[in-house]
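No hydrogens, no waters, no symmetry mates; every other heavy atom, side chains included, goes into these values. As the structure lists them, so they are numbered: ligands from 1, and atoms in each ligand from 1.
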Amino acid sequence: MRCYQLTGFGQGLAESEQLRPEPTGTEVLVKVRGAGVCHSDVHLWEGHYDLGGERRLSFADRLKLPLTLGHESAGEVVALGPQAQGVAMGANCLVCSWIGCLECVACSAGDEHLCTAPRFMGVNRDGGYAEYILVPHPRYLVEIGNLDPVAAAPLVCSGLTTYSALKKFGPLLERQPLAVIGAGGLGLIAIGLLKHLGGKGAVVVELDPRKREAAMAAGALATIDPRVPDATAQLRAALGGSVLGVLDLVGSGETATLAVETLDKGGRLVIVGLFGGAMNLAVPLVPMKALTIQGSYIGSPDELRELVALVRERGLPSTPVERRPLAEAAAALDDLRLGKVVGRVVLTP
Ligand SMILES: [Zn+2]
Ligand SMILES: [Zn+2]
């Protein structure tokens, strides 16, 4: 089978020809129909996160290369190991990439996405930029019925990440519009999921005019260009006078600082984006405004099941999905890195 692998940090993806894996034990072989290209693949390619002030969090000592990227995979079950039970041949599934050790405290609580020794597909083990993907156990498959696997693949990471982050705002979603910073793949899905969750809607802050346009098309209440001098006043007005919830899907020093300074008393900032940098935090503002600053990282396997149930009932969020052949994996990753992608690219092996 063909797959696309990271062979060195900062280097392009290399095509590799490998034997089609044979499932043993509880393993399941899935023929990949859709493999989403996610911004964290760009970080993996770069080999580090920027922690601000010259500090970097490197992947070099934590990841083994070569690695087949791809953690947003969907496809069809085509072979079962002898002990793989609970899933049928031909099932149309998402592959939950968030596999933990099953032994640490986080895993024991069902939070495999927060595992201290993760075995994530497309990160710590081979992922879905391939014709087939070997899944260790049927528990990591979520059936999606007759949903299009190409359009549904991004639910595994961008959908789940946004869903879990939105849930952290609780009842506020139904009381007040949310400020959403960034209208990349996550931002557009957030707008759709917010509707599914009965939310009041999103006011989107985004630099790129094309992405602002896409946000309006996805159903944003308004969009704000953060470079205009009265951006914060515009944001406050569009939210109805007070800023109580900010979802930061960019996660740069500038966006997080802006959020803290703009939030009103009792406000909540949920940071999801991993753009990088350091935050200039005026510490007294945190107690004085009784702020909550919370990080959100992916979501749990149970939340993915909840999300799939929600989407099967209410439909996929209307995020633009660009389908590209698997052979364009490297080019797709480059385009995402250079900010050329509106919505989501999904590779179709
Ligand atoms: Zn991702
Ligand atoms: Zn664990």
Side-chain angles (χ1 to χ4, degrees), residues 4 6 13 32 34-49 57 59 62-63 67-74 94-130 133 136-137 139-140 142 150-166 182 184-190 193 247-251 271-276 295-304 307 317 319 321-322 329 332-333 335-337 339 341 343-347:
Y4 285 81
L6 188 64
L13 296 183
V32 180
V37 182
C38 175
H39 219 281
S40 31
D41 293 328
V42 173
H43 290 295
L44 290 171
W45 176 92
E46 287 171 341
H48 65 268
Y49 287 120
L57 180 66
F59 298 133
R62 296 189 291 160
L63 297 189
L67 169 73
T68 302
L69 291 184
H71 55 264
E72 287 187 340
S73 316
L94 294 183
V95 177
C96 179
S97 296
W98 319 119
I99 299 175
C101 68
L102 297 178
E103 283 165 13
C104 71
V105 176
C107 284
S108 310
D111 292 330
E112 285 183 64
H113 63 303
L114 301 179
C115 178
T116 50
R119 298 159 191 193
F120 296 167
M121 309 203 68
V123 181
N124 310 101
R125 66 206 301 163
D126 286 338
Y129 288 9
I133 185 169
H137 193 284
R139 76 166 76 92
Y140 299 109
V142 183
V150 179
L155 291 176
V156 177
C157 180
S158 53
L160 175 60
T161 300
T162 331
Y163 176 72
S164 181
L166 286 172
L186 266 66
L188 298 181
I189 290 188
L193 290 181
L247 175 58
D248 184 357
L249 299 173
V250 174
I271 305 175
V272 169
L274 292 161
F275 182 87
S296 191
Y297 185 64
I298 326 172
S300 69
D302 279 350
E303 283 177 319
L304 181 60
L307 172 62
T319 313
V321 169
E322 185 190 338
L333 198 58
D335 287 349
L336 187 62
R337 185 170 58 90
V341 173
R344 209 64 170 164
V345 172
V346 179
L347 303 170

Residue and atom names of protein N/O/S atoms that fall under 2.8 Å from the Zn ion (ligand 2): C101 SG, C104 SG, C107 SG, C115 SG

Sorted by chain and number, sequence neighbours left out, ring-ring contact (aromatic ring centres under 6.0 Å, His included) with H71 holds for W98

Confirm or rule out an N/O/S atom of H39, from backbone or side chain, lying less than 2.8 Å from the Zn ion (ligand 1). no

My understanding is that only one of L166, L186, L188 makes a side chain to side chain contact (heavy atoms under 4.5 Å, CB included) with L193; could you say which? L166

Main-chain N/O of L160 paired to S164 side chain as donor or acceptor, under 3.5 Å: no

Side chains of D111 and H113: does their closest heavy-atom pair fall under 4.5 Å? yes

Given the Zn ion (ligand 1) as the apex, I'd like the angle to SG of C157 and NE2 of H71, rounded to 10 degrees. 110°

Indicate, with yes or no, if the rings of H43 and Y49 have centres closer together than 6.0 Å. yes

Between D335 (side chain) and A332 (backbone), is there a donor-acceptor pair under 3.5 Å? no

Using every non-hydrogen atom in the two residues, find where Y140 and E112 come nearest and quote the distance to one decimal. OH-OE1, 2.7 Å

